[in-house]
S.K.: 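Take a look at this one; I'll ask things after.
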Amino acid sequence: MAVLGAARRRAAAFLFSSVVRLQSSRSTSLQEGIVAKTSLTSPPWSEVKLPNPVEEAKHHAEVVQKVNEMIATGQYGRLFAVVHFASKQYKITSEDLIMMDNVLQAECGDRIRMEKVLLVGADDFTLIGRPLLGRDLVRVEATVIEKTVSWQKINMRFRKKHNYQRKKIITNPQTVLRINTIEIFPCLS
Amino acid sequence: MVLLSVPLWLRSRLTDRFWRVQEVLKYARHFRGRKNRCYKLAVRNVRRAFVKSTQARKQKKRFLRALWITRIEAASLEHGLKYSAFISNLFKTQVELNRKMIADLAIYEPKTFKSLAALAQRRRQEGILAALGDGKEPEGIFSRIVHHY
């Protein structure tokens with residue numbers, strides 16, 4: 001089946017690029033180079049064209065410069081960021097509350113800088129990291145507000161007709177953080 | 001003098017049966033029918049409720065992921081991409097946003113999602129072009145193609 005498919009693809013590509021010349025007296029009336037459009041004249045996938053690389057590079061440089069200017073002059077409103085924290089990803093803005101389901105080795109009231117930023121965006125532009133954004137580009141600051149324990153979750157196992165039941169009460173430690181600021185600096189290139 | 005044997009009329013009886021029963025019934029108060037009042041019925045149903053809640057905590061993760069995938073599929077179809085193409089190309093461009101984040105961005109940040117879709121589309125086109133190669137036949141191959149000259 002794979003070989004059949006490859007042969008068909010090759011045939012279609014060749015037919016697509018072949019030139020048909022009729023050897024009859026009617027050859028002057030029909031133009032050379034026109035093949036009747038059948039199901040095999042063009043390949044079954046749509047033709048893909050990439051834009052001109054030189055023009056594209058120019059366009060990219062313009063966009064980067066514009067965004068840099070906007071950041072430098074401070075023309076953005078509220079910034080949001082996607083941060084990878086405690087093995088989960090959170091979408092945060094300033095004055096946001098975040099809860100993580102485990103212990104943080106910091107006291108209440110400590111200021112924390114979150115370093116793994118995946119995405120930063122404002123109203124007019126977004127900076128997407130591959131996979132992370134640079135440390136000199138974004139700065140996310142948070143404060144630890146409270147460290148509590150979760151509500152009592154009940155874990156129960158039961159097997160019928162075997163007189164087996166086990167009940168366990170689970171309480172996870174939790175930490176609540178308040179995001180103070182998200183700042184970006186104009187060092188794009 | 002020390003009494004070494006207990007008289008027969010002295011028994012130790014349960015005094016806090018009420019509270020032991022209430023501990024179970026408090027978890028059954030929102031049930032329907034007699035099982036929110038009668039201890040015998042409540043005990044069985046409260047046990048079932050606890051077991052189901054432990055199982056549901058595992059299933060919730062599966063359901064939420066399916067929900068995110070559905071939402072991402074709907075949003076990417078709005079931009080003309082299928083979910084498989086979108087996710088595979090997004091990961092090939094080394095953008096490591098998980099499905100929860102992409103679904104949230106699709107809801108609350110439509111412009112960002114549009115740019116992610118454009119990124120995935122561009123990577124897809126580059127991948128197709130790279131796979132097509134030159135379009136020439138490999139050398140030294142016999143084929144049944146008819147050459148019109």
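Note: hydrogens, waters and symmetry copies are ignored here, and every other heavy atom, side chains too, is used. None of the values given here were measured: they were computed from a predicted structure. Note on naming: letters A, B, ... go to the chains in the order of the sequence lines (proteins, then strands), and numbering restarts at 1 for each one.
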S.K.: So which of V95(B), I128(B), T112(B) has the biggest tally of heavy-atom pairs under 4.5 Å with chain A?
M.R.: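 Heavy-atom pairs under 4.5 Å are most numerous for T112(B).
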S.K.: Counting only heavy atoms closer than 4.5 Å, note whether E109(B) contacts chain A via side chain, backbone, both or neither.
M.R.: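 Just its side chain gets close to chain A.
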S.K.: Tell me whether the rings of F86(B) and F113(B) are parallel (<30°), tilted (30 to 60°) or perpendicular (>60°).
M.R.: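 Correct class here is tilted.
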S.K.: Counting a contact as any heavy-atom pair under 4.5 Å apart, which residues of residues 65-82 of chain A contact chain B?
M.R.: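 Residues in range: F80(A), V82(A).
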S.K.: Please check this pair: side chain of S94(A) against backbone of N180(A), looking for a donor-acceptor N/O pair closer than 3.5 Å.
M.R.: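 Checking the backbone N and O of N180(A) against the side chain of S94(A), no donor-acceptor pair under 3.5 Å is found.
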S.K.: A side-chain contact here means heavy atoms from C-beta on lying under 4.5 Å apart; do T126(A) and V120(A) qualify?
M.R.: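 When only atoms from C-beta onward are counted, V120(A) and T126(A) do not touch, as no gap falls below 4.5 Å.
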S.K.: With the threshold set at 4.0 Å, does a side-chain nitrogen-carboxylate oxygen contact exist between D101(A) and K88(A)?
M.R.: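 Result for this pair is no, no salt bridge flagged.
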S.K.: Side chain, backbone, both or neither: which part of S53(B) has an atom under 4.5 Å from a heavy atom of chain A?
M.R.: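 Only the side chain of S53(B) comes within 4.5 Å of chain A.
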S.K.: Hey, which residues of residues 134-147 of chain A are touching chain B, say heavy atoms under 4.5 Å apart?
M.R.: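 Contacts with chain B: none.
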S.K.: So, do F158(A) and F50(B) have ring centers that fall under 6.0 Å from each other?
M.R.: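 Aromatic pair excluded; centres sit 6.0 Å or further apart.
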S.K.: Determine the option with the most heavy-atom pairs under 4.5 angstrom with chain B, choosing from R130(A), Q89(A), H84(A).
M.R.: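 Answer, by heavy-atom pair count under 4.5 Å with chain B: Q89(A).
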S.K.: So which heavy atom on K91(A) is nearest to which on D96(A), and how close?
M.R.: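 Looking at all heavy atoms of both residues, the closest pair is O-OD2, 3.9 Å.
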S.K.: Just by modelled atom types, is the M101(B) backbone N or O under 3.5 Å from a matching donor or acceptor in the N98(B) side chain?
M.R.: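 It does hold such a pair.
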S.K.: Using the rule given for salt bridge (charged side-chain N to carboxylate O under 4.0 Å, His left out), can you reason through R20(B) versus D16(B), listing the C-alpha separation, both sets of side-chain angles and the distance that settles it, and then say yes or no?
M.R.: CA-CA 6 Å; R20(B) 290 191 195 188; D16(B) 56 349; 3.6 Å; yes
S.K.: Shorter than 4.5 Å, heavy atoms on both sides: which option in L118(A), L132(A), L50(A) has the most such pairs with chain B?
M.R.: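 The candidate making the most pairs under 4.5 Å is L50(A).
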S.K.: The test is salt bridge (charged side-chain N to carboxylate O under 4.0 Å, His left out); show your working for E62(A) and K58(A) and say whether it passes.
M.R.: CA-CA 6 Å; E62(A) 267 177 37; K58(A) 237 195 320 175; over 6 Å; no
S.K.: So which heavy atom on K82(B) is nearest to which on L77(B), and how close?
M.R.: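 So the minimum-distance heavy-atom pair works out to CA-CD2, 4.4 Å.
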S.K.: Heavy-atom distances under 4.5 Å only: say whether R57(B) touches chain A with side chain, backbone, both or neither.
M.R.: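 Contact with chain A: side chain only.
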S.K.: Does any heavy atom of chain A fall under 4.5 Å from the side chain of L97(B), the backbone, both, or neither of them?
M.R.: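 Both backbone and side chain.
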S.K.: Can you tell me which portion of I154(A) sits under 4.5 Å from chain B's heavy atoms? Options are side chain, backbone, both or neither.
M.R.: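 Contact with chain B: backbone and side chain both.
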S.K.: Quick one: does K116(A)'s side chain have a donor or acceptor within less than 3.5 Å of a partner on V83(A)'s backbone?
M.R.: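 Not confirmed, K116(A) side chain does not pair with V83(A) backbone.
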S.K.: If we count only N and O atoms by modelled type, under 3.5 Å, do the side chains of Y83(B) and R99(B) hold a donor and an acceptor together?
M.R.: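 Side-chain D/A pair, Y83(B) to R99(B): present.
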S.K.: Does any heavy atom of chain B fall under 4.5 Å from the side chain of L119(A), the backbone, both, or neither of them?
M.R.: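 Side chain of L119(A) only, per the 4.5 Å heavy-atom cut-off to chain B.
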S.K.: Applying the side chain to side chain donor-acceptor pair (under 3.5 Å) criterion to E126(B), which one of R123(B), R124(B), R122(B) satisfies it?
M.R.: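 So the option named by the test is R122(B).
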S.K.: Less than 4.5 Å to any heavy atom of chain A: does that hold for the side chain of S115(B), its backbone, both, or neither?
M.R.: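 For S115(B), the contact with chain A is made by the side chain alone.
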S.K.: If I compare all heavy atoms of Y90(A) with all of F85(A), which pair ends up nearest, and what's the gap?
M.R.: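 Shortest heavy-atom contact: CE1-O, 3.3 Å.
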